Protein chains: 2
Amino acid sequence: MAEYFVGQLANEAGINVETVRYYENIKLLPKPKRRKSRYRVYDESDLARVKFIVRAKELGFTLKEIKELLELKIDSQAKCGDVKHLTEHKLKDIDNRIKDLRKIRSVLIKLIEQCINEEVSSEECPILESIEF
Amino acid sequence: MAEYFVGQLANEAGINVETVRYYENIKLLPKPKRRKSRYRVYDESDLARVKFIVRAKELGFTLKEIKELLELKIDSQAKCGDVKHLTEHKLKDIDNRIKDLRKIRSVLIKLIEQCINEEVSSEECPILESIEF
DNA sequence: CTTGACTCCGTACTATACTACGGTGCTTAT
DNA sequence: ATAAGCACCGTAGTATAGTACGGAGTCAAG
């Protein structure tokens, strides 16, 4: 099992060391094992977690929401019903996001087709012409 | 054609007045018509624009990216090729977002199924068990 | 024609999410 | 065993995206 110090972890995830420490401070990352030197020691599962955080952030989730997503699990403490409820809520949110991204997507495709046909459109914004949120 | 003052516009879009002024300052909204009193006057197209901004933000776009999306159009100035290129770039980004949201989606669905079967899973995080970004 | 709600503006403050700094202590390749 | 490169920590600073304030002017219902 591969082990990393914080610099390598940060590097593989494409963020910087201070950000890793920050995520630890706000409890988005668990406290890692330490060397006697107090150096933090991570493994692949930590890397996966960091990569998830990075991508989820790009997808528009706040760090708070990401924490909630990562905490979704049925364990001895959590009742199934609660987790199910929470998860269904998250699912609905994600479905709506996908739906609206698809709307934007279809407008972009139309726009690309217009470009191919060398149509010069009006002065209007094509995205707003076709999308109603 | 309906006309709104800034308060009504903000209200319909679910944001507040200061935010509308802020969006105007950073040129995300065009300068509106004014009454003699200097009151801002908006119409439905402004409302559609604000609503788009609000939702696009929720979908994880920065205000800068939203501005770029809203500026995508072929007009007398912009060359088709340039717009096509830019738009294809945005399209690729959106396709990737949808793809990754689907990954999260499928994990949530699995989790809900587990809840229904009253399975108590491990102490591990189910999202990280199944997603690799 | 008053009065309560709305709008004007600039400026200052806030929350979230980092990012930089700086002095000190490890690690590791030579 | 030394030196370049990491890591330690707390604290302070930054960028983005708002949010609040306050005194003056405007709107419109009664």
Side-chain angles (χ1 to χ4, degrees), chain A residues 2-43 46-47 49-71 93 97 133, chain B residues 2-43 46-47 49-71 93 97 133:
Chain A
E3 296 204 332
Y4 317 95
F5 287 150
V6 67
Q8 205 180 341
L9 181 84
N11 211 257
E12 305 255 342
I15 61 178
N16 60 36
V17 169
E18 286 82 5
T19 306
V20 176
R21 290 208 307 121
Y22 173 68
Y23 288 167
E24 183 180 329
N25 283 336
I26 63 172
K27 285 151 217 300
L28 196 50
L29 291 177
K31 289 187 184 197
K33 288 189 307 187
R34 300 275 191 143
R35 283 272 180 92
K36 273 167 247 166
S37 58
R38 313 183 26 66
Y39 276 29
R40 291 166 176 82
V41 178
Y42 299 98
D43 63 21
D46 296 303
L47 180 57
R49 192 174 176 98
V50 176
K51 281 183 176 172
F52 178 83
I53 294 167
V54 169
R55 184 56 176 153
K57 231 166 37 70
E58 289 168 356
L59 295 175
F61 298 96
T62 64
L63 297 185
K64 191 161 166 287
E65 288 170 329
I66 294 168
K67 201 189 285 187
E68 288 166 9
L69 282 172
L70 288 171
E71 279 163 1
D93 171 43
R97 284 170 192 249
F133 280 149
Chain B
E3 296 205 331
Y4 317 96
F5 288 151
V6 67
Q8 207 181 341
L9 180 83
N11 211 257
E12 305 255 342
I15 61 177
N16 58 38
V17 169
E18 285 82 4
T19 306
V20 176
R21 290 209 305 123
Y22 173 67
Y23 288 168
E24 182 181 330
N25 282 335
I26 63 171
K27 283 151 219 298
L28 197 49
L29 291 177
K31 289 189 183 195
K33 285 189 309 187
R34 300 276 191 140
R35 283 273 179 91
K36 272 166 245 165
S37 58
R38 315 186 22 69
Y39 278 29
R40 291 167 176 81
V41 178
Y42 299 97
D43 63 21
D46 296 303
L47 180 57
R49 193 174 175 101
V50 176
K51 282 183 175 171
F52 178 83
I53 293 167
V54 168
R55 184 57 177 151
K57 231 166 37 71
E58 289 168 358
L59 295 175
F61 297 96
T62 63
L63 297 186
K64 191 161 166 288
E65 288 170 329
I66 294 168
K67 201 189 285 188
E68 288 166 8
L69 282 172
L70 288 170
E71 280 163 2
D93 172 44
R97 284 170 192 249
F133 280 149

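All of these numbers come straight from a predicted model, not from anything done at the bench. The sequence lines fix the lettering, A, B, ..., with proteins before strands; numbering per chain opens at 1.
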Is there a donor-acceptor pair under 3.5 Å between the side chain of A:Arg97 and the backbone N or O of A:Leu59?
-> yes
Parallel, tilted or perpendicular for B:Tyr39 and B:Phe5, by the 30°/60° rule?
-> perpendicular
Nucleotide interval of DNA chain C bounded by contacts with chain B (heavy-atom cut-off, under 4.0 Å) = C:dC6 to C:dG10
Identify whether any heavy atom of B:Lys57 sits under 4.0 Å from a base atom; if not, whether one sits that close to sugar-phosphate; answer base, sugar-phosphate or nothing.
-> sugar-phosphate
Sorted by chain and residue number, the side chain to side chain donor-acceptor pair (under 3.5 Å) partners of B:Glu12 (sequence neighbours excluded) come out as none
For B:Tyr39, answer base if it contacts any base atom (sugar-phosphate contacts may also be present), sugar-phosphate if it contacts only those atoms, and nothing otherwise; contact means non-hydrogen atoms under 4.0 Å.
-> base
Partners of B:Arg55 by side chain to side chain donor-acceptor pair (under 3.5 Å), sequence neighbours excluded?
-> A:Asp100, B:Glu58
By nearest-heavy-atom nucleotide on DNA chain C, the more 5' of A:Thr19 and B:Gln8 is B:Gln8
What does A:Tyr4 touch in the nucleic acid at a heavy-atom separation under 4.0 angstrom: a base, only the sugar-phosphate, or nothing?
-> nothing
Between CD1 on residue A:Ile53 and CG on residue A:Leu69, distance to nearest 0.5 Å | 11.0 Å
What are the 5'-most and 3'-most nucleotides of DNA chain D lying under 4.0 Å from any heavy atom of chain A?
-> D:dC6 to D:dG10
By nearest nucleotide on DNA chain D, pick out whichever of B:Ile53 and B:Ser37 is the more 5' one.
-> B:Ile53
Sorted by chain and number, sequence neighbours left out, side chain to side chain donor-acceptor pair (under 3.5 Å) with A:Glu3 holds for A:Lys33
Starting at the 5' end of DNA chain D, which residue's closest nucleotide do you reach first, B:Leu63 or B:Arg21?
-> B:Leu63
Do A:Glu24 and A:Arg40 come close enough that some side-chain heavy atom pair is under 4.5 Å?
-> yes
Quick one: ring pair (Phe, Tyr, Trp, His ring centres under 6.0 Å) partners of A:Tyr42, sequence neighbours excluded?
-> none
